[in-house]
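These notes concern the structure reproduced below.
Both counts, for ligands and for their atoms, begin at 1 and track the order of listing. Numbers for residues simply follow the sequence, beginning at 1. This structure is a prediction, so every number in the text was calculated from the model and none was measured.
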Amino acid sequence: MVCINCQSKTEVINSRLQKKSNRVWRRRFCPQCKNTFTTIEAFHDLSFIVSDTKLPKTSPKPFSRDNLFISLYLSCGHRNNPISDATALTDTVVGMLLPSIQNGCIAKSDLLATAQSVLEHFDLVAATHYKAYYSKSL
Ligand SMILES: [Zn+2]
């Protein structure tokens with residue numbers, strides 16, 4: 001990666017795997033202008049299907065990170081910074097879902113249960129809201 005100031009080649013001076021969100025955090029240094037900045041390496045095209053096993057006649061739908069984010073954001077509406085909370089929660093839920101994907105598919109019940117579980121460990125009011133609005137099919 002090149003420097004954001006001078007476009008010279010940069011060096012990685014620190015790197016950490018963020019297991020929960022399956023991302024790699026890197027601190028970069030530019031020897032030319034002495035600038036430092038942070039990058040995050042993450043999945044870009046994360047595509048999989050969400051199937052609803054309780055309603056087998058409904059067609060599978062593509063996973064939507066945006067829909068997950070919105071559901072978590074609305075559940076965190078009472079908090080001081082719901083956008084950053086929902087962003088971090090979305091990363092956590094997606095990271096936890098990755099091992100459950102089989103043949104490019106995940107059960108809707110697994111998605112909802114994972115989001116519910118993450119919220120229960122984060123904020124019980126948000127978890128209660130999520131359960132009332134999104135976990136009806138559990
Ligand atoms: Zn530079």
Any pair with a residue in residues 78-94 that passes side chain to side chain donor-acceptor pair (under 3.5 Å), sequence neighbours left out, goes on the list, sorted by first then second residue, please. Arg23-Asp91, Arg65-Asp91, His78-Asp123, Arg79-Asp85, Arg79-Asp123, Asn81-Ser84
Can a side-chain donor-acceptor contact be found between Thr39 and Arg26 if the only test is distance below 3.5 angstrom? no
Under 6.0 Å from the OH atom of Tyr73, do we count more than 12 heavy atoms belonging to anything else shown? no
How long is the gap from CG on Asn5 to CG on Asn35, to the nearest 0.5 Å? 4.0 Å
Taking atom CD of Gln32 as the centre, report whether more than 12 heavy atoms of other residues, nucleotides or ligands fall under 6.0 Å from it. no
The expected count of protein N/O/S atoms at less than 2.8 Å from the Zn ion (ligand 1) is 4
Okay, side chain of Thr114, backbone of Leu97: is any donor-acceptor separation there less than 3.5 Å? no
